[in-house]
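The next block holds one structure in the form of structure tokens; read it before the comments.
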Amino acid sequence: MAEEKLTPQAENFSEWYNQIVQKADLADYAPVRGCMVVKPYGWALWENIQAALDRRFKATGHVNAAFPMLIPMSFLEKEKEHVEGFSPELAVVTHGGGEKLEEPLVVRPTSETIIGYMYSKWVKSYRDLPILINQWGSVVRWEMRTRLFLRTAEFYWQEGHTVHATSDEAMAETRLMLDTYRDFAVEDGAVPVIPGRKSESEKFAGAVSSWTIEGMMRDTRALQSGTSHYFGQNFARAFDIKFLDQNNELQFAYTTSWGLSTRFVGAIIMTHGDDQGLMLPPRLAPIQVVIVPIYRDDAEHSLVMPVVERLQKELGESFRVHVDLRDGLTPGFKFNDWEMRGVPLRIEVGPKDVEKHSVALARRDRPGKAGKSFVPQEGLAQTVGETLKEIQAALLARAIAFRDEHIFAVRSYADLTDAVQKGWALAWWCGSPECEAKVKEDTKATTRCIPLDQESGDGLCVVCGKPAREKIYFARAY
RNA sequence: CGGGGUGUGGCUCAGUUGGCAGAGCACCGCGUUUGGGACGCGGGGGUCGGCGGUUCAAGUCCGCCCACCCCGACCA
């Protein structure tokens with residue numbers, strides 16, 4: 001049950017986040033450092049995220065499978081950049097059945113290697129391609145500093161791994177999945193992410209190019225919310241994934257991978273939450289409508305409950321509905337409690353409502369009395385459906401407005417350093433890692449992505465002044 | 001691994017010159033309450049991070065160790 005008062009965002013955003021995760025009953029700290037326990041309410045949110053993504057994966061021809069959690073150490077060493085990228089954060093199993101193992105096994109930090117190995121056995125002919133497999137699971141990365149959902153030692157995610165006959169096809173897949181993530185984030189999460197390409201220094205270990213959706217949190221910091229990688233033939237060469245083409249010539253295949261994790265829960269929390277608590281987008285909320293019965297005594301109880309039960313049944317046909325039957329708590333407490341948990345819509349049913357054939361309808365996105373209205377019980381399902389749609393749209397509109405207010409198109413280095421203190425900077429960039437490094441050194445801001453959506457043209461690099469062909473976002477990131 | 005800090009009930013913490021381990025919240029019971037975070041009474045719960053030392057006596061003083069948090073380097 002939620003305790004009173006949350007630290008305000010403006011006072012300490014980080015503290016606000018830590019408190020909300022626990023007070024909204026999403027997750028708890030596990031006994032192992034950096035690991036989290038996802039509690040039922042948090043997991044229900046993740047399940048809705050999974051369902052929304054899985055539906056899109058299936059619709060684009062992908063299938064699910066499961067690969068093992070343990071990977072021979074030697075596999076990681078087959079791709080040079082990959083092992084360099086991951087070796088510092090590997091958890092390694094050295095013993096099994098009471099004996100020291102011949103070869104240590106790593107707990108997967110990601111599955112390119114084990115899946116690549118299997119694909120090399122499965123792929124013989126162009127007729128075997130493409131392979132479009134996704135897996136839902138968890139991975140382990142021994143991170144130095146952890147935060148619930150944002151960076152935990154073990155996290156849950158999906159990782160798609162595909163194999164293609166041509167680079168064009170593999171690149172199209174990479175871009176298709178990036179767009180799938182964008183569509184999911186915007187339409188279901190109401191998180192207005194910006195899709196784009198990572199710079200060389202920010203890309204995934206072993207990738208030819210990495211693509212990302214970047215979201216702006218309410219403290220204006222950026223959160224990488226999903227990634228899609230094009231590997232070219234790098235992993236195919238490392239794992240010997242070859243096929244005979246139509247001309248009977250042996251070719252290395254082209255591979256991709258793409259992932260979105262429980263970090264997205266953090267994105268939802270930090271995109272929509274306010275000082276009252278969580279604010280969940282209706283399409284993903286585990287509970288879309290909570291009904292709070294209000295009564296003083298047994299007489300009022302028996303007056304109110306039949307109406308509550310009828311509404312629960314009617315609304316339950318179309319929406320995820322919960323009735324708060326907890327005894328001994330005042331309505332006021334329950335209102336605050338459900339606001340903390342981010343339930344989009346609350347219905348109050350008391351004796352006065354029974355008499356007037358109405359209910360009180362309270363919107364989470366308009367806290368307090370402002371969001372409360374009295375509507376007829378007649379046609380309530382339709383009212384609820386329309387209101388949930390309005391809330392979903394309102395959350396997105398609010399997040400877009402916040403994002404756009406905090407993006408600054410900058411032309412000078414002074415403007416850049418100023419902008420990244422209060423939001424994101426969008427600027428011409430020549431493409432050199434030295435210019436990125438200087439900004440990071442001076443401001444702690446990193447390049448987030450080269451947005452897909454930018455007008456063609458050229459300008460001068462905001463750092464060094466040399467000619468630049470692309471604009472890039474600089475921001476402080478999680 | 002560098003710099004700083006903290007370890008006392010489930011949580012947040014108090015604990016004076018060393019002298020019977022406490023409060024608030026949470027939890028359990030009973031009663032009164034209930035349309036924006038109710039109240040009264042009663043109750044359960046702690047090897048004071050660990051080991052060793054000083055002392056008649058250690059949460060408190062000393063030594064060593066461990067864990068966690070914050071700031072850096074690394075990261076979905």
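Quick caveat: nothing in here was measured; it's all calculated off a predicted structure. Because only heavy atoms are used, hydrogens play no part in the values below, and waters and symmetry mates are left out as well, while side chains stay in. The chains referred to below are lettered A, B, ... by the order of the sequence lines, with proteins before strands, and numbering in each begins at 1.
- Within the shown strands, nothing qualifies as a pairing partner of B:G37 under the Watson-Crick or G-U definition with both distances less than 3.5 Å.
- Side-chain contact of A:Thr443 with A:Thr417: a donor-acceptor pair under 3.5 Å is absent, judged by distance alone.
- Side-chain proximity of A:Arg346 to B:A76, B:G35, B:G36: nearest is B:G36.
- The partner of B:A23, taking Watson-Crick or G-U wobble pairs whose two distances both stay under 3.5 Å, is B:U12.
- Distance A:Tyr478 OH to B:C74 C1': 18 Å, rounded to the nearest Å.
- Base pairing annotation: B:U55 forms no Watson-Crick or G-U wobble pair, as no partner gives both donor-acceptor distances under 3.5 Å.
- Taking 4.0 angstrom as the limit, A:Thr330 places none of its side-chain polar atoms (N or O) nearer than this to OP1 or OP2 of B:G37.
- In this model, the phosphate group of B:C74 is approached by a side-chain N or O of A:Lys440 to a distance below 4.0 Å at OP1 or OP2.
- Residue A:Leu223 contributes atom CG, which lies 11 Å from atom P of B:A76 at whole-angstrom precision.
- Between B:G36, B:U34, B:A76, one nucleotide has an atom nearer to the side chain of A:Glu143 than all others, and that is B:A76.
- Atom OH of A:Tyr117 has 12 or fewer neighbouring heavy atoms from other residues, nucleotides or ligands inside a 6.0 Å radius.
- Figure legend. B:G42 is base-paired to B:C28; pairs are counted as Watson-Crick or G-U wobble with both atom distances under 3.5 Å.
- Using cut-offs of 30° and 60° on the angle between ring planes, the pair A:His62 and A:Phe57 is perpendicular.
- Judged by distance alone, the side chain of A:Arg448 and the main-chain N or O of A:Phe474 form no donor-acceptor pair under 3.5 Å.
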